[in-house]
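Below, chain A is the first sequence line, B the second, and so on; all start at residue 1.
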2 protein chains.
Amino acid sequence: MRQPTTSTSRARGVDRVISLCEQLHLHREPMTPKELMAATGAPRSSVYELINLLSEAGWLETGSDGRIFFGRAMHYFGLDYADHNDLLRRARPVMRQLSARFDETTQLCMLDGDKYTVMLNENGARPFRISSEVGVKVPIPWTASGRVLLGGMPREAILGLVPEADFVLPSGEQIDIDAFLAEIEHTRQRGYALTEGLVDSFACCMAVPIHEGDTVARATLCFTVGRNADQARREALVEALREAAATLSHGD
Amino acid sequence: MRQPTTSTSRARGVDRVISLCEQLHLHREPMTPKELMAATGAPRSSVYELINLLSEAGWLETGSDGRIFFGRAMHYFGLDYADHNDLLRRARPVMRQLSARFDETTQLCMLDGDKYTVMLNENGARPFRISSEVGVKVPIPWTASGRVLLGGMPREAILGLVPEADFVLPSGEQIDIDAFLAEIEHTRQRGYALTEGLVDSFACCMAVPIHEGDTVARATLCFTVGRNADQARREALVEALREAAATLSHGD
DNA sequence: CGTTGTCGTCCGATATATCGGACGGTTGTC
DNA sequence: GACAACCGTCCGATATATCGGACGACAACG
């Protein structure tokens with residue numbers, strides 16, 4: 001996940017901390033010290049020492065079953081981040097309102113490396129909702145949001161950014177690159193993206209850009225609704241998204 | 001903040017990471033590298049290297065003004081924590097509902113070391129609301145929650161836990177220890193705590209315990225309302241808190 | 001009940017990360 | 001335009017953190 005930029009072995013101590021936390025994040029479940037050893041490749045004694053140090057600082061906690069997971073400190077830090085990020089802070093109430101109004105799941109997504117990432121998620125109350133957890137990363141071509149963000153980007157840049165493998169859907173189906181590029185352009189002109197049954201065959205996703213400055217979309221706002229939503233409803237949803245995005249754009 | 005338990009100088013690299021993040025958290029504002037040097041006491045080159053490493057991993061981000069703050073990764077980690085903590089996960093919707101129903105600020109607090117800490121905060125919509133940010137730590141004797149949690153704890157344990165200095169209110173007023181102990185006992189028998197004008201002379205705070213097992217309160221749920229709330233309203237609020245706490249108790 | 005496997009802690013030699021200081025770039029001042 | 005102050009990067013000697021392995025505790029098992 002991280003470039004071997006400078007050198008692989010400069011500041012190993014720090015790397016250890018980072019990779020341990022990344023592993024915990026990837027597994028999304030508390031892990032035993034053993035699993036952490038295997039996952040990080042660090043020797044046993046180092047892992048234990050690290051766990052102790054980080055636990056002492058509240059970065060990690062040991063559950064009653066002996067498994068390790070993130071601790072309170074991470075909660076604080078994460079909230080610090082969310083509070084200081086202008087866009088996230090302002091977006092939350094707007095999204096909450098959108099979700100409540102239409103009773104659908106709203107998400108704010110940003111590009112992180114070569115993947116799309118869910119940064120905020122507000123669930124609608126309906127029982128069979130479609131939603132994904134904050135922090136989930138998805139290949140760009142799988143998402144409506146991806147089509148929005150890539151708008152206006154030259155063909156070469158897109159091909160350079162998106163890994164080959166990401167053009168294959170979970171179903172195994174291959175996304176045609178030229179069709180994808182055409183869709184992006186269409187999306188840009190229309191101002192919003194609409195995808196149906198891409199990742200999930202029953203889902204339909206609408207995304208609009210949130211602009212920073214006047215040039216690039218910094219983030220996208222999207223509804224994910226059942227595929228059965230009729231035309232009128234879709235139009236209403238898109239319109240609401242546009243309005244919301246307009247109030248959030250031009251942020252700082 | 002951290003005990004000098006084992007030895008002050010074992011694993012300095014890790015300590016650096018920890019103290020840098022703690023400083024960022026304490027300042028609650030993005031910091032320049034210079035400020036970080038001063039705050040952590042680390043030499044210039046070390047701070048820069050650390051910043052680079054952590055930035056590469058997404059733990060830190062550099063704003064347009066060159067200031068450093070937490071990055072996306074922290075957001076993910078923090079949410080992982082909140083998602084995996086049964087109590088927090090279940091509490092959020094309950095609190096949201098409470099806040100909406102009474103239009104007051106609800107908080108879930110837990111003990112962290114010798115301080116009370118706000119773990120979740122749901123604001124009511126009223127304009128002059130009383131609320132504090134998640135992560136804020138408050139001396140135990142200043143809070144209604146503190147009176148709840150200490151219920152049943154022997155005198156010695158309480159005096160051992162609470163630092164001398166924490167019995168002095170921000171106003172400078174000294175809290176009488178015996179009266180405080182009596183209040184704790186009263187609180188325990190009554191099942192809820194009620195404080196008026198302790199930290200803030202206009203605030204009135206109500207707290208009830210959330211039990212784990214059947215013995216200790218693991219957390220408290222509280223309303224913080226204006227002091228002018230009348231008796232009937234207070235009773236209604238406390239009753240709602242009790243109900244909510246009952247559904248959250250006995251969690252796992 | 002001896003044996004074997006797993007777990008967490010501890011420790012010293014050695015591989016290695018750290019920090020002082022030098023360097024080149026930029027900005028502000030007289 | 002010369003000078004000073006500051007910024008971020010880079011690098012090598014050396015102070016120091018790391019990891020292999022030993023240790024005791026505990027549990028499982030034949």
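By the 4.5 Å heavy-atom criterion applied to side chains, Leu36(B) and Tyr48(B) are not counted as neighbours.
Taking atom CD of Glu49(A) as the reference point, atom P of dC19(D) lies 9 Å away to the nearest angstrom. Ile51(B) has its CD1 atom 12 Å from the P atom of dC7(D), to the nearest Å. Distance, Leu53(A) CG to dT9(C) C1': 13 Å, rounded to whole Å. Rounded to whole Å, the distance from CG on Asp15(B) to C1' on dC19(C) is 17 Å.
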Should Asn85(B) and Asp83(B) be marked as a side chain to side chain donor-acceptor pair (under 3.5 Å) after you check the CA-CA gap, both sets of side-chain angles, and the distance that decides it? CA-CA 6 Å; Asn85(B) 190 303; Asp83(B) 280 347; over 6 Å; no
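The aromatic rings of Phe77(A) and Phe70(B) lie parallel to each other, with less than 30° between the two planes, well short of the 60° mark.
Proximity of a side-chain donor or acceptor of Glu35(B) to a complementary backbone N or O of Thr32(B) within less than 3.5 Å is detected. Under a 3.5 Å cut-off, the side chain of Glu122(B) and the backbone N or O of Arg92(B) do not form any donor-acceptor pair. Between the side chain of Ser249(A) and the backbone N or O of Ala246(A), no donor-acceptor pair lies under 3.5 Å.
Nearest nucleotide to the Tyr48(B) side chain, out of dG20(D), dC7(D), dC19(C): dC7(D). Among the nucleotides dT9(D), dG20(C), dC19(D), the one closest to the side chain of Asn52(B) is dT9(D).
The aromatic ring centres of Phe69(A) and Tyr81(B) sit 6.0 Å or more apart.
Minimum heavy-atom separation, Met31(B) to Leu24(B): SD-CD2, 3.7 Å.
Asp80(B) and Arg28(A) are joined by a salt bridge, as a carboxylate oxygen and a charged side-chain nitrogen come within less than 4.0 angstrom of each other.
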Identify all pairs in which a protein N or O lies below 3.5 Å from an N or O of nucleotides 21-25 of chain C, and state each distance.
none

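In terms of position along DNA chain D, the nucleotide closest to Gly66(B) lies nearer the 5' end than the nucleotide closest to the other residue of the pair Ala42(A) and Gly66(B).
Residues from residues 30-41 of chain B with heavy atoms under 4.0 angstrom of DNA chain C: there are none.
Under 4.0 angstrom from either OP1 or OP2 of dC19(D) there lies at least one side-chain N or O belonging to Arg16(A).
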